[in-house]
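Each remark here refers to the structure printed beneath this line.
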Amino acid sequence: GAGVSQSPSNKVTEKGKDVELRCDPISGHTALYWYRQSLGQGLEFLIYFQGNSAPDKSGLPSDRFSAERTGGSVSTLTIQRTQQEDSAVYLCASSRGALFDEQYFGPGTRLTVT
Amino acid sequence: QKEVEQNSGPLSVPEGAIASLNCTYSDRGSQSFFWYRQYSGKSPELIMSIYSNGDKEDGRFTAQLNKASQYVSLLIRDSQPSDSATYLCAVKGGGDKLIFGTGTRLQVFP
């Protein structure tokens, strides 16, 4: 079946602009996660959705970052007033949502802020 | 103290050898452990999950978990050049998020 998809695959934006990143999880997966991976750094958790609710937003680095999920499916991560330090690969993962379930990653969106 | 620690490597092994990758974690209450493989420029790909103490084998891969020592490892038998990648250890933290180590770079040379 289809895996997690993300769009766009690459995004170059100017400092101060807003960007929207999209994630389409595996069909039937109720849990959706956003992570960020900066050059040479590990993966950093941003936010987690169970259905349309976000019980854990603890990883969002500032109030410029927000995310929503609609219909228990597609999620959008929005970064307002982008800064150069926001440059990273943004990865989305989904899982069935059970306690022990594995998370499967999409291909990521590479964001470059100039 | 980092929550999930891995040696960054590189770990260099000859083709056909066993590669041993190690990971320690700090949260004694952790229940779920995962190994991901990440090729350069690609996203992480799940290799193994392990939840109980002991060994779990899948093809050339064996995951080992020792909760008392807070230690999880991945063995790759008959290593191939195509196994050359960064291997990420992940532990499921509170709220279902994964906490990742910084990864061990594996190089398998012919």
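If you're wondering where the values come from, they're calculated on a predicted model, not measured in any experiment. Side chains are part of it too, since the values below use all heavy atoms of this structure and drop only hydrogens, waters and symmetry mates. Every chain is numbered from 1, with letters handed out A, B, ... down the list of sequences.
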**Fill in**
Result for side chain to side chain contact (heavy atoms under 4.5 Å, CB included) between Cys23(A) and one of Tyr33(A), Tyr90(A), Trp34(A) points to Trp34(A)

**Request:** Please confirm whether the backbone N or O of Ala17(B) pairs with a side-chain atom of Ser79(B), one donor and one acceptor, at under 3.5 Å?
**Result:** yes

**Item:** Structural part of Gln37(A) lying under 4.5 Å from a heavy atom of chain B
**Value:** side chain

**Message:** Between Ser58(A) and Phe45(A), is the side-chain contact (heavy atoms from CB on, under 4.5 Å) condition met? List the steps.
**Reply:** CA-CA 8 Å; Ser58(A) 63; Phe45(A) 167 79; 3.8 Å; yes

**Asked** With a 4.5 angstrom heavy-atom cut-off, which part of Leu98(B) approaches chain A: side chain, backbone, both or neither?
**Response**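 Its backbone and side chain both get close to chain A.
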
**Asked** With a 4.5 angstrom heavy-atom cut-off, which part of Gln38(B) approaches chain A: side chain, backbone, both or neither?
**Response** side chain

**Request:** Heavy atoms only, distances under 4.5 angstrom: which of Gly101(B), Pro44(B), Ala90(B) has the most pairs with chain A? Name it, please.
**Result:**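 The residue among Gly101(B), Pro44(B), Ala90(B) with the greatest pair count is Pro44(B).
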
**Item:** The single option from Phe34(B), Phe33(B), Tyr71(B) passing ring pair (Phe, Tyr, Trp, His ring centres under 6.0 Å) against Tyr25(B)
**Value:** Phe33(B)

**Asked** Any idea which of Val89(A), Leu43(A), Ile47(A) has the most non-hydrogen atom pairs under 4.5 angstrom with chain B?
**Response**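 The candidate making the most pairs under 4.5 Å is Leu43(A).
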
**Request:** Applying salt bridge (Lys or Arg N to Asp or Glu O under 4.0 Å), name anything that partners Arg81(A), two or more places apart in sequence or on another chain.
**Result:**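 With sequence neighbours excluded, Arg81(A) shows a salt bridge (Lys or Arg N to Asp or Glu O under 4.0 Å) to no residue whatsoever.
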
